[in-house]
Each structure stands twice: as structure tokens, then as C-alpha cells.
Amino acid sequence: MKRKSKEALLLAKQHKAEDETHEPPPQFLSGLKCHVHPANFGLMRHKVFESHITRYGGELVPSLPECSEGVFHVVFEETVDEEKVKRLVDTARLPNSVFLRCTWLIESIKAKAKAGTQSHLILSMNSVEEQCRGTGESWVQEISWTQVEETEKSHIKDTDVAVTKSESQRNENPDMKDASARTTACSASHEQREDMGSQKSTKETKEDKIVEDEREPEECSRDEALGNKSVLHKWGAGAGEEDHLESLIRPFPKNLQDKFACARPSSSKPVDLNTHITSELSKLAATYKSKNDTWRSVGYERAIAAIRNYSKEITSREEALAIPGIGGRLADKIAEILESGRLRKVAEVCEGEEAETLRLFLGVWGAGPSTAQAWYLQDFRTLDDLRTKATLTRHQQIGLKHYDDINSRIPRSEVAEIEEHVREATLSLVRGAEVMVCGSYRRGKPTCGDVDVLITHPDGQSHELIFRPLLVRLRESGFLTDDLVTQEDNGNQKKYLGVCRLPGEGRKHRRLDVIVVPYQERATALMYFTGSAHFNRSMRLLATKKGMSLSEHSLRAGIVRQGQEKLSDGYMLDTPTEESIFAHLGLEYRPPEERDH
DNA sequence: CAACAGCGAGA
DNA sequence: TCTCGC
DNA sequence: GTTG
Ligand SMILES: O=c1ccn([C@H]2C[C@H](O)[C@@H](COP(=O)(O)OP(=O)(O)OP(=O)(O)O)O2)c(=O)[nH]1
Ligand SMILES: [Mg+2]
């Protein structure tokens, strides 16, 4: 009973807070049955609108009945047109309902009174025939007063809505107190879509400007909340010694350093001795991720990685608890697995239609947890539903088209073939280029999720000549079949994400990532592209803790941070090889196979 | 109670 | 800005 | 989820 919908809770709390400092919200929606259709709404925006329905006295209809004589106000995202509405709901079976753009709600909130529906109407079965035939039901009546506000468009900005949105967005943390959530939101600046109307509030939006009366007294004094922790001076720098690397890293306690995954080899051992545990926890991690519970999922994944690298078989709760990354709650779960062989929690949250559908939808490249949930809310259950009814981005269309291929693993041998294909094309363009496959392939995995190719050139310049011509060539030969991201510019580095297929019969489409990098950045780029993702995050975190910063471009020292933000960029360290990066960070070198965290 | 990596692109 | 991906 |  602990958690449920934290976002909803948050919204409720915010409203409650407002109500304490203001007169109760006008109940101008009372008596109205309202449904917010999830189509094209972001998850958060959808929740925000739903919360407004109840806040202003409306009866929220969480899911629309298929067939009803009832009068429902169905609110759609502003870009949804009549065609789309008809595709999404069987309008003929809801003869008395009104289908409106969400601008109706926005305007109503702004006016603190029910706005006319006319100017926000997308479709109404009745109105098509004769506007005034309704049996004196609410919506029909409104139409008459519609004109009143009709002309008044929305120049409004619903900062109220906007703020709530960003607030909930940042606050994906499980049990975060709303106080801190609001504090965080204070610093958020907004420039929401024009059509997000507003009225009052403005909450935190611009504390520099209109400090709205209705702000919570305590909440937005975010000054102290955003205290300053200068991470740096804790170590070496505190002594104000030279800015040298050595002085920066040496004072770092070794026992602390051991807590970082990147400091230890990943179990290059044949198998995982605690599979029974990790497999169960993995299910939970994936499910939490699909539910947008990011940090809980991250917590699970870290623990899983820790268990994988634990050399012995875990036999007791105590033993588990001693492993860094495993706390009381996970230790309990492990204990349950140890004695019963299973976890009730898994059955509870991982099984069932919702979790399975979300997993299905997450397999669509370009669809993440938010989109998957939004689709589920729209009653989509199959890939065919997505194909025929959903609004798909270009990426998602491609992801759907190649759903099976993209979600199947690639044998090493085929990766090698693809590497050779790309190398050949590259070398035919520029002699002397270096082409290598990184990612899971370089880490020695037996199968790979995609092919990550890194290209550079020792002359330090030719890399610039490679990118476009290579893509053109591979495309002309029919090797590249779909482009996802054709050019991601990251400083001097360029990245391509797409889909390819080797010539010949019976070949699958494969995801291909190519980065072309300047020679000076080859080592950091190689580190990055070799991963694993977990390993990278661990190493980057360690770098941060040492007052440095590691990215695919460079390793920098002398970084000064205040909280998140960097006050000083520091200076770049020389990183000719991967070994040098480990050395700068005070770590023992790990070959790629040992970075598989 | 804040942090949990550090990037760029598409809509 | 939000969402997604590497 | 766990950690400092
Ligand atoms: O969030 C991420 C994802 C990836 N990477 C790096 C590490 C990773 O090894 C490399 C390639 O990414 P990919 O998604 O292909 O991971 P992989 O390690 O190659 O695994 P897979 O077999 O699924 O492709 O990019 C990151 O730094 N952060
Ligand atoms: Mg890969």
C-alpha cells in the first residue's frame, strides 16, 4: 500500500498545498464526466490534466466505456483531429459525448469557470446533425453561452500546468518528499508550449519576477536547499597542492575506490554462481524501468552487477547484506529467494498484462517507458495496435518494421562480417583509417545486441573526410536500409545510428552504430564505446569524485563543481591510450572483457 | 536528503 | 522541455 | 533501489 502512483500523489499534494493558501478551487466542472484521452499527450501532461479534472469538481473517467449513452467530455491533445479521434474511439457508440481539445480545459481553468465547448470542439456526434437537439444536457446548454468567451483565445501560459509537469518529471524518485520536489522545481524555468494556457499560479516559475502570492511559504526558498557541496576540496585539492594529477588522485582513499565497479574486473568467470538470484532481480529491474521508476531500477541493476561479480554463492541474508549495493530491502528479497527459490514480488509486479505489454512496447526502438505507458493507457496491446492506431515517430516506425530483427541477438561471427564490410568500404575511401568494433563485441560477448563501429585516422585529420562518404557508399550498396540518426555531432565526433543488412539470402536487419572520431580522442572514445554502459557510469562517477570529468571526448582534471553544475572546465589530460585513462584515475587497467558490468 | 554519467537529437 | 538512445 |  506504500506506493502506487507517486505522480498522482504529488499532484494531489501540490493541489492540497495550494488550497491551504488559497480559496478552494472553483468547482466549475462539477457534474461533468470527463475523460482525458492519452493519445499524443506526454505521460506527465496527461496526469496533470487528469488531476485538474478532479480538482475542479469534475468526475474523472479513467477509461472511456466502449458504448454508452452517457455524456462524456473527452479531452484530446491539441493536434488530434477528427480523423484521429474516430480512429481512436468508436464515436458512434458514444452518441452523446463531446470530443474536445484540451484547450477547453485550459481556458476553463484560466477563467475559473467552464468555458464554452464550441471553439474547442473536435467532434460531437450530435452537433454534426443538429446542434441543439440534446435533451437539455449540460453540454448542449453550454453551446449557447459559448460565444461569450469565444473570441478570447489563449495567449495564456499555464504555468501551473507547466510547473507541475516539470516537477513530476524531476521527481521520479520513489519516496521523495514533496518539499524537496517543489524545491527542485523552483529552479526550473519554463517556456511551455504556447497553447498551454494558464491562469494564476506561476508557482516557482520566475521567482525573479512575479513572485506569486500563492507560492507556498516554505517551499520555494530554495536557496538553502540548493546548498553547496563542493565535492572537490575534500581530497587532495584541499591541501591546495599542485594541480597535478597525482595530487588530485593520490589522497583518494583506496577503500572508497573499491566501491566503484570500474575498479574491479567483471567476473570473467565462466558462469554466474548466483543466477537464481540475479534472474529474479533482473525481472524487477526491468519492470520498474518500464514503469518509469528509474532510480529504483538503477538500484536493482547496480545490485545485480554486484552480485554477478561476487565470486561465491550467496548463502545467507547477512552475506548478501555485506555486498556493497545491497541494502536491507534487497537482502530480504535475496533471503526469500534463498529459502523459497522464488520471489513473491516478482509475480506481483512482473506478471500480468500491463507489465508484459510494456515489455513488448519497449522493444520498439524509439519508444521508452513514457511512450509505452501512454500506449497502454490508450488500450493498445499488440504491435498491430501500434501499427494501425498509434501515433508513431519516424524512429518508432522503423523500430516497429524491424521489431523482430532488432530484438534478436547477433552472433559474433556475423558481427565480424559486418565489421569487415564496413572496413572495406572505409578503406576504399581513405587509406590508413582504423576501423574496429567496440561495444559488447569487444568485451567478448558471444552475441551482441548491435554492432558498434569506431573509426578514426592516425593522420589526425582524415576522419573528417570519412563520415558522409562512407554512409553514402554503404547506402548505395544497399547495406544501410534505414537511418535513425544520420548525424549526431558531438564536438569533432560524428555518430550514425541506423539499420543495415548484409547481402545474400536469409540475412537479418541489424542495428548499426558508427562513430567517427579524431585521433586525439580515440582513447576516450574507445573507452566510451567499449563500455559497458555500467562500467562507463561507474568510471565517470569516480572521475567526478576525484574532481575530474570523463566523457567520450576527453578526461579533464581541475573541475570545480557546485552541486551539479560545473563552475570550471578544468584542463584536459593527455590520454593517448586506454591505459593512460585508467592510470590518470588511479585505477588498474582492465581489458575489455573485464569491463562487462 | 541529495545523488546516482555525460552526452546529442527529434518532436 | 520532454523523451529517447548511445 | 543504496549510499554518504
Ligand atoms: O547509456 C549508455 C549506453 C551505451 N554506452 C556506451 C557503452 C556501450 O558499450 C556502448 C555501446 O552501446 P550499446 O547500447 O550497443 O551497448 P553494448 O555494450 O554494445 O551492448 P549490446 O550488446 O546490447 O549492444 O556505448 C554508454 O556509455 N551509455
Ligand atoms: Mg552494442
Side-chain angles (χ1 to χ4, degrees), chain A residues 40-45 79 162 165-166 168-170 172-177 179-181 183-184 188-193 196 225-227 229 231 234 256 259 262 281 284-285 288-289 292-304 306 321 323-331 333 362 364-374 391 393-396 399 438-439 449-450 452 484-491 493-497 511 513-515 524-525 528-529 531-545 549-554 556 561 563-564 566:
Chain A
N40 293 16
F41 276 125
L43 248 202
M44 290 310 155
R45 200 153 90 114
T79 64
K165 186 175 171 184
S166 73
S168 350
Q169 173 237 333
R170 290 163 169 271
E172 52 197 345
N173 233 333
D175 299 316
M176 193 193 267
K177 300 294 174 285
S180 69
T183 306
T184 324
S189 68
H190 318 286
E191 186 54 42
Q192 244 16 37
R193 339 177 32 144
M196 287 290 274
L226 293 183
K229 298 103 207 281
V231 178
K234 234 173 179 171
L256 268 184
K259 297 234 170 191
C262 60
L281 297 186
L284 285 172
Y288 284 128
K289 185 166 129 192
N292 241 342
D293 201 343
T294 320
W295 293 116
R296 188 181 309 278
S297 174
V298 167
Y300 272 85
E301 282 175 357
R302 288 180 155 192
I304 290 164
L321 197 51
I323 301 175
I326 297 180
R329 303 180 51 109
L330 276 174
K333 291 181 174 64
L362 279 181
V364 178
W365 201 95
S370 282
T371 307
Q373 263 183 284
T391 304
T393 65
R394 196 182 60 87
H395 289 166
Q396 290 158 357
C438 306
D450 64 1
D452 306 291
L484 291 164
V485 176
T486 48
Q487 181 164 31
E488 182 175 302
D489 275 307
N490 188 343
Q493 302 185 5
K494 298 191 185 315
K495 174 149 62 181
Y496 169 86
L497 310 180
R511 278 273 300 103
D513 294 359
V514 179
I515 59 174
T524 46
Y528 154 72
F529 220 33
S532 68
H534 270 109
F535 183 88
N536 288 351
R537 294 169 71 161
S538 169
M539 189 177 250
R540 289 171 180 209
L541 180 64
L542 177 65
T544 297
K545 300 282 190 203
S549 174
L550 174 64
S551 77
E552 54 271 44
H553 298 295
S554 62
R556 314 182 71 88
R561 286 183 179 80
Q564 302 260 47
K566 294 183 271 288

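Values in this document were obtained by computation on a predicted structure and should not be read as measured data. Chain A is the first sequence line, chain B the second, and so forth, proteins listed ahead of strands; every chain is numbered from 1.
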Trainee: Counting side-chain heavy atoms from CB outward, which of B:dA5, B:dG8, B:dG6 is closest to A:Trp295?
Mentor: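 Of B:dA5, B:dG8, B:dG6, B:dA5 is nearest to the side chain of A:Trp295.
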
Trainee: In chain order, what residues pass the salt bridge (Lys or Arg N to Asp or Glu O under 4.0 Å) check against A:Arg511, with sequence neighbours excluded?
Mentor: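 Per chain and number, A:Arg511 pairs via salt bridge (Lys or Arg N to Asp or Glu O under 4.0 Å) with A:Asp513.
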
Trainee: Given B:dA5, C:dG5, C:dT3, identify the nucleotide with an atom nearest to the side chain of A:Leu43.
Mentor: C:dT3

Trainee: Rounded to whole angstrom units, what separation is found between the CD atom of A:Gln373 and the C1' atom of C:dC4?
Mentor: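 Distance, rounded to whole Å: 15 Å.
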
Trainee: Side chain of A:Met44: nearest nucleotide among B:dC7, B:dA5, C:dT3?
Mentor: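 Within the option list, the nearest is C:dT3.
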
Trainee: Name the nucleic acid region contacted by A:Gly328, choosing base, sugar-phosphate or nothing; use a 4.0 angstrom heavy-atom cut-off, strictly under.
Mentor: sugar-phosphate

Trainee: Counting any heavy atom closer than 4.0 Å, what does A:Ile515 reach on the DNA or RNA strands: base, sugar-phosphate only, or nothing?
Mentor: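 Answer is nothing: A:Ile515 stays at 4.0 Å or more from every strand.
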
Trainee: Specify the separation, in whole Å, of atom CD of A:Glu552 and atom P of B:dA9.
Mentor: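 Roughly 12 Å, once rounded to whole Å.
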
Trainee: With a non-hydrogen cut-off below 4.0 angstrom, is A:Leu284 in contact with a base, only sugar-phosphate, or nothing?
Mentor: nothing

Trainee: Looking at every heavy atom in both A:Gln493 and A:Ala525, which two are closest together, and how far apart are they?
Mentor: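 Between these two residues, the closest heavy atoms are NE2-CB, 3.9 Å.
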
Trainee: Remember a base hit wins even if backbone is also touched, and classify A:Glu301 as base, sugar-phosphate or nothing at under 4.0 Å, heavy atoms.
Mentor: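 If one applies the 4.0 Å heavy-atom cut-off, A:Glu301 turns out to touch nothing in the nucleic acid.
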
Trainee: Of all the choices, C:dC4, C:dC6, B:dG8, which nucleotide is nearest to the side chain of A:Thr371 once you look at every atom?
Mentor: C:dC4

Trainee: When you measure from the side-chain N and O atoms of A:Arg561 to the phosphate of B:dA3, is any distance below 4.0 Å, counting only OP1 and OP2?
Mentor: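 Checking B:dA3 against A:Arg561, no side-chain N or O comes under 4.0 Å of OP1 or OP2.
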
Trainee: How close or far is atom P of D:dG1 from atom NE2 of A:His534, stated in whole angstroms?
Mentor: 16 Å

Trainee: Indicate whether OP1 or OP2 belonging to C:dC6 is found under 4.0 Å from a side-chain N or O atom of A:Trp365.
Mentor: yes

Trainee: Counting heavy atoms from C-beta on, name the nucleotide in B:dG6, C:dT3, C:dG5 closest to the side chain of A:Tyr528.
Mentor: B:dG6

Trainee: C1' atom, B:dA5 versus C:dG5: distance in rounded Å?
Mentor: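 Rounded to whole Å, the distance is 14 Å.
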
Trainee: Could you give the distance from CG (A:Leu284) to CG (A:Asp293), rounded to the nearest 0.5 Å?
Mentor: 11.0 Å

Trainee: Measuring from the side chain of A:Arg394 (C-beta onward, heavy atoms only), which nucleotide among B:dG6, B:dA11, D:dG1 has the closest atom?
Mentor: B:dA11

Trainee: Give one of base, sugar-phosphate or nothing for A:Arg511, where a contact means two heavy atoms less than 4.0 Å apart.
Mentor: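 Answer is sugar-phosphate: A:Arg511 comes under 4.0 Å of backbone atoms only.
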
Trainee: Closest nucleotide of DNA chain B for A:His553 versus for A:Thr393: which of these residues is on the 5' side?
Mentor: A:His553

Trainee: Find out whether A:Val514 and A:Lys495 are in side-chain contact, i.e. whether some heavy atom of one side chain is under 4.5 Å from a heavy atom of the other.
Mentor: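 When only atoms from C-beta onward are counted, A:Lys495 and A:Val514 do not touch, as no gap falls below 4.5 Å.
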
Trainee: Looking only at side-chain atoms of A:Arg302, point me to the closest of B:dG6, B:dA9, B:dC4.
Mentor: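 My answer, after comparing the listed nucleotides, is B:dC4.
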
Trainee: Rounded to whole angstrom units, what separation is found between the CD1 atom of A:Ile326 and the C1' atom of B:dC4?
Mentor: 17 Å

Trainee: Separation of A:Asp489 atom CG from C:dG5 atom C1', in whole Å?
Mentor: 16 Å

Trainee: Have a look at A:Asn536 and say if it touches a base, only the backbone sugar-phosphate, or nothing, with a 4.0 Å heavy-atom cut-off.
Mentor: nothing

Trainee: Atom NZ of A:Lys494 to atom C1' of C:dC6: distance rounded to whole Å?
Mentor: 17 Å

Trainee: Using atom NZ of A:Lys566 as one end and atom P of B:dG6 as the other, report the distance to the nearest whole Å.
Mentor: 6 Å

Trainee: Looking only at side-chain N and O atoms, does A:Arg537 come under 4.0 Å of OP1 or OP2 in B:dA5?
Mentor: yes

Trainee: Which of the following nucleotides, D:dG1, C:dG5, C:dC4, is nearest to the side chain of A:Arg329?
Mentor: D:dG1

Trainee: When you measure from the side chain of A:Phe529, which nucleotide among D:dG1, B:dA5, C:dC6 comes out closest?
Mentor: C:dC6

Trainee: Can you tell if the side chain of A:Thr371 reaches within under 4.5 Å of the side chain of A:Gln396, non-hydrogen atoms only?
Mentor: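 Yes, close enough: below the 4.5 Å cut-off.
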
Trainee: Please pick, from C:dG5, B:dC7, B:dA5, the nucleotide with the shortest atom-to-atom distance to any side-chain atom of A:Ser549.
Mentor: B:dC7

Trainee: Does A:Arg540 reach the side chain of A:Tyr528, with side-chain heavy atoms less than 4.5 Å apart?
Mentor: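 The answer is yes, as the side chains (C-beta and beyond) meet within the 4.5 Å cut-off.
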
Trainee: A:Tyr496 OH to B:dG10 P: how many Å, rounded?
Mentor: 13 Å

Trainee: Looking across every strand, which nucleic acid part, if any, lies under 4.0 Å from A:Ala367 by heavy atom: base, sugar-phosphate, or nothing?
Mentor: sugar-phosphate

Trainee: Could you label the plane-to-plane angle of the A:Trp365 and A:His395 rings as parallel, tilted or perpendicular, counting under 30° as parallel and over 60° as perpendicular?
Mentor: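 The arrangement is perpendicular - the two ring planes meet at more than 60°.
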
